[in-house]
Number of protein chains: 2
Amino acid sequence: MAKIIENGIEREASCTEELYAMRDSLDVLGGKWKLMIIRYLTNRTDQQIHFKKLQRGITGISAKMLSKELKELEINLLITRTIQDTKPITVAYAVTEYGKSVFPVTETLVNWGIIHREKIKESMG
Amino acid sequence: MAKIIENGIEREASCTEELYAMRDSLDVLGGKWKLMIIRYLTNRTDQQIHFKKLQRGITGISAKMLSKELKELEINLLITRTIQDTKPITVAYAVTEYGKSVFPVTETLVNWGIIHREKIKESMG
DNA sequence: CCGAATCCGAGATGATACTG
DNA sequence: CAGTATCATCTCGGATTCGG
């Protein structure tokens, strides 16, 4: 299914390679919050997103977790952090072009969540 | 982007609804192992997959975690667990039709992991 | 041999208060 | 406003043990 390009030649990934690739992804994107944060920012590339706005938009996240997750996303070049010269100082976050490459992942998760809710609903009667 | 069907009418999900849907997905599929297990089983629907085989196939998982994760996946109807009348008794696992609906999620993660590895490699020089 | 149950430390997560 | 500090709690996951 998945393709790997090696020395300019495209070939199919083996099952084991697929699992390693998933492990790589989950190391960077896994956990409770990172994909939510990326999705939130990706849906709002036209706006300035400050720390407080993010925290209000992502239900349930604490300031500590948000701060930690943003730091890790920045290290992995998925988001940018811009300190703005206002009073009081504000900080704006945005997805990078590379961060936008995560969109398909979040999209399949959103779609599956919708399907799953339907399924639960109908099994409830 | 994502669509919701409500009372037979299709409409776009709001950003907030999208995040709720992702939260639903991550509640069921999140964590370090569940998506790996589903991918492994989905790639091998033609075989009997026993507990030990799963544990050997998924690098790094302990028996305890595997047992726990399988139980949760079974509760959510994503996999089946079949006790086989052998000596000694063995247990075979398989994805359900519903479990196969998770395939697009694992596929995007596999693909992103491959992209990410390329990116790391090139940034290393 | 398959898997469950128990114990335990380490790390993840959370609630609240606090600083520049 | 943007985070940090502190303390409490929950979960992860390894080692070991137990039963079928």
Side-chain angles (χ1 to χ4, degrees), chain A residues 19 22-41 44 47-76 78-95, chain B residues 19-20 22-38 40-41 44 47-76 78-95:
Chain A
L19 289 192
M22 269 184 77
R23 169 57 55 234
D24 289 344
S25 290
L26 293 173
D27 283 345
V28 177
L29 305 173
K32 200 167 168 181
W33 301 113
K34 291 200 185 69
L35 286 167
M36 307 267 287
I37 294 170
I38 291 176
R39 180 79 184 194
Y40 186 92
L41 292 174
R44 289 169 183 75
Q47 296 167 55
Q48 291 286 329
I49 307 293
H50 299 161
F51 189 90
K52 267 296 174 207
K53 186 164 183 177
L54 255 173
Q55 195 183 352
R56 274 190 290 260
I58 298 177
T59 308
I61 195 167
S62 67
K64 187 176 74 174
M65 285 309 297
L66 181 54
S67 175
K68 199 195 85 188
E69 302 287 69
L70 288 171
K71 222 169 281 181
E72 293 175 16
L73 290 173
E74 194 194 356
I75 287 171
N76 282 302
L78 296 167
I79 66 170
T80 57
R81 177 179 188 274
T82 311
I83 299 174
Q84 297 181 313
D85 192 13
T86 53
K87 293 184 186 186
I89 284 172
T90 56
V91 181
Y93 293 92
V95 281
Chain B
L19 289 193
Y20 281 132
M22 270 185 77
R23 169 59 53 234
D24 289 344
S25 291
L26 293 173
D27 283 345
V28 176
L29 305 174
K32 200 168 170 182
W33 302 113
K34 291 199 185 69
L35 286 167
M36 307 268 286
I37 294 169
I38 291 176
Y40 187 93
L41 291 174
R44 289 168 183 75
Q47 296 167 54
Q48 291 287 331
I49 307 293
H50 297 162
F51 188 90
K52 268 296 174 208
K53 185 164 184 178
L54 255 173
Q55 196 183 353
R56 275 189 290 261
I58 298 177
T59 309
I61 194 167
S62 68
K64 188 179 77 172
M65 285 309 296
L66 182 53
S67 175
K68 200 193 86 187
E69 302 288 70
L70 289 169
K71 212 173 288 177
E72 293 175 16
L73 290 173
E74 193 193 357
I75 288 172
N76 282 303
L78 296 167
I79 66 171
T80 56
R81 177 178 190 274
T82 311
I83 299 174
Q84 296 182 312
D85 193 10
T86 52
K87 294 183 182 185
I89 283 174
T90 55
V91 182
Y93 294 91
V95 281

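A quick note: this is a predicted structure, and the numbers were derived from the prediction, not measured. In what follows, chains are A, B, ... by sequence order, proteins preceding strands, each numbered from 1. Below, all heavy atoms of this structure are taken into account, side chains as well, without hydrogens, waters or symmetry copies.
Here dC2(C) presents its C1' atom at 12 Å from CZ of R56(B), a figure rounded to the nearest Å. Put simply, CD on E69(A) is 18 Å from P on dA2(D), counting in whole angstrom units. Regarding M65(B), its CE atom lies at a distance of 15 Å from the C1' atom of dA15(D), rounded to whole Å. The separation between Q48(B) atom CD and dC2(C) atom P is 14 Å, rounded to whole Å. Atom C1' of nucleotide dA2(D) and atom CD1 of I83(A) are separated by 10 Å, given to the nearest angstrom. We find that CG of L70(A) is positioned 14 Å from P of dT13(C), with the value rounded to whole Å. Taking atom NZ of K34(A) as the reference point, atom C1' of dT13(C) lies 12 Å away to the nearest angstrom. One can place CG of L66(B) at 16 Å from P of dA15(D), the figure rounded to the nearest angstrom.
Looking at heavy atoms from C-beta onward, L26(A) lies out of side-chain contact with K32(B) at the 4.5 angstrom threshold.
Between K32(A) and dT11(D) there is no side-chain N or O to OP1 or OP2 distance below 4.0 Å. For the OP1/OP2 pair of dG14(C) and a distance below 4.0 Å, the side-chain nitrogens and oxygens of K68(A) include no atom meeting the criterion. Phosphate proximity of dC12(D) to W33(B): absent, as no side-chain N or O sits under 4.0 Å from OP1 or OP2. A close approach under 4.0 Å does not occur between any side-chain nitrogen or oxygen of S62(B) and OP1 or OP2 of dA15(D).
Pairing each heavy atom of M65(B) with each of W33(B), the nearest pair is CE-CD1, 4.0 Å. When all heavy atoms are compared, the tightest approach of L54(A) to Y93(A) is CD1-CD1, 4.2 Å. Here the closest non-hydrogen pair linking L73(B) and K34(B) is CD2-CD, 3.7 Å.
Taking the nucleotide of DNA chain D with the nearest heavy atom to each of P88(A) and I61(B), the more 5' of the two is matched to P88(A). Comparing Y93(A) and K64(A) along DNA chain D, the residue whose closest nucleotide (by nearest heavy atom) sits nearer the 5' end is Y93(A).
No donor-acceptor distance shorter than 3.5 angstrom exists from the side chain of R44(A) to the backbone of A94(A), with no hydrogens or angles considered.
G60(B) comes within 4.0 angstrom of sugar-phosphate atoms only, judged by non-hydrogen atoms across all strands, and of no base. Counting non-hydrogen atoms under 4.0 angstrom, K71(A) reaches the backbone sugars and phosphates but no base.
Distance from the side chain of A63(A) is smallest for dG3(D) among the nucleotides dG3(D), dG13(D), dC1(D). Looking at the side chain of T90(A), the nearest of the listed nucleotides dC2(C), dT4(D), dC1(D) is dC1(D).
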